[in-house]
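Contents: one structure, followed by commentary.
In each ligand, atom 1 is the first atom listed, and ligand 1 is the first ligand listed.
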Amino acid sequence: MALIVQKYGGTSMGSPERIRSVAKRVARWKAQGHQLVVVVSAMSGETNRLIALAKDVSPQPDERELDVMISTGEQVTIALLAMAIRDLGLKARSYTGGQVRVLTDSTFTKARILEIDDANMRRDLDDDTVIIVAGFQGVDADGNITTLGRGGSDTSAVAMAAALAADECQIYTDVDGVYTTDPRIVPEARKLDRITFEEMLEMASLGSKVLQIRSVEFAGKYKVKLRVLSSFQDEGEGTLITVEEDKNMEQPIISGIAFNRDEAKLTMLGVPDTPGIAYQILGSIADANIDVDMIIQNVGHDGTTDFSFTVNRGEFAKAHSILEGVKAKLGAREITGDNKICKVSAVGVGMRSHPGVASQMFKALADEGINIQMISTSEIKISVVLDEKYLELAVRVLHRTFGLDQ
Ligand code: ASP
Ligand code: MG
């Protein structure tokens, strides 16, 4: 008997039929004698609908109130799934984040999980009950409803698995695993049987939307055995996300090509080239809770320098207006911005032992006449910022260049 945490995403919960089909899958696992905790997302499109509705009423909705509202999508699906499972003759019980007590900090709309109380769940599991938990939500110490950021139910599931020391955390989604790149862009993309946490972290952070990045960090930190599988197929092992690199197999140099469209670039021109500049610029951005990705500061001349960084496209306007304030304070010359950029990256632990990957990548892009605007590298990743219009072409070319088509 194993304790398994399963997570079903929005598409898997997208209609009454699909919810009943998830119930049947849960019942099959239960019939094998396992204990089950099931974390669910809202029905697909629901969170978007709720956010749009809020913005229709209030252009910059208060974030506490936004969380009260957007957490309701999951409250609907936990109850529906519990009903469907009960109709199959099993015991099932739904829990909101607050009822479990998923304790988070108070950063509304992107709260972090601090602690999960497993007492209620343990009691129900011992009573042979299937537990259905609302993903994406928690409560802060004052009992305010919080949400964990878009795609946050993945993190809910992994956190649940860590708290319960589950044997496996299975993420059921609309794809059957993690691919070398998005098959909608490259039809030749292949499913990976396994990928390391490190690679997955890079793939997720670079916009491979299969898993929320925080869930992968969590799984790596707490050594949760994590598997991505399709909720539309009965067979298949999905992709296992492992700590260990597979020693028995020839490690490919590049495991995947990741990309992110939702990027924007901001540049402050003519910043005085003095100590503390990076801190003053990025400190004020961080104070507004905006994540910064790539950062470039040019060599100074004539006592000034140019400073560029990228942020999520959704935070472009906010970051821009913060920079206006910083610009006045620092006496910088000008701010320029571009919210039509994308980032494309080659990821692979095999890169560690193979020099020359970067030049191979730059040559492939140059051969297609694609201009690179920014570059950043880590031990297992090379990323480039490009004009958004080159995204598909760049992904296809790099997928081929690194032999991922075969
Ligand atoms: N329903 C939430 C969202 O769309 C959480 C999730 O699906 O993971 O972001
Ligand atoms: Mg998701």
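Interatomic distance, Leu80 CG to Met43 CE, rounded to the nearest 0.5 Å: 6.5 Å. Distance check: Thr196 OG1 to Ile241 CD1 gives 9.5 Å after rounding to the nearest 0.5 Å. Rounding to the nearest 0.5 Å gives a distance of 7.0 Å between CE of Met351 and CZ of Phe402. Note that CD of Glu392 is 7.5 Å distant from CZ of Phe259, once rounded to the nearest 0.5 Å.
With ligand atoms numbered from 1 in the order given, ligand 1 contributes 3 (C), 4 (O), 9 (O) to contacts under 4.0 Å with heavy atoms of Arg150. Ligand-side atoms of ligand 1 in range of Ser153: 5 (C), 6 (C), 7 (O), 8 (O), range being under 4.0 angstrom from any heavy atom. Shown in contact with Ser41 at under 4.0 Å from a heavy atom are these atoms of ligand 1, numbered in order with element: 6 (C), 7 (O), 8 (O).
By the 3.5 Å distance cut-off applied to N or O atoms, Asp154 is not counted among the residues near ligand 1. For a threshold of 3.5 Å applied to N or O pairs, the pair formed by Lys7 and ligand 1 contains no separation below that value.
For the residue pair Arg150 and Asn48, a side-chain donor N or O sits within less than 3.5 Å of a side-chain acceptor on the partner.
For the side-chain contact (heavy atoms from CB on, under 4.5 Å) criterion with Thr336, the lone passing option out of Asp306, Leu266, Leu269 is Leu269.
At a heavy-atom cutoff of 4.0 Å, ligand 1 is contacted by the side chain of Glu74 but not by its backbone.
A heavy-atom separation below 4.0 Å is found between Gly151 and ligand 1. In this structure, Gly10 does not count as a contact residue of ligand 1, since none of its heavy atoms falls inside 4.0 Å of the ligand.
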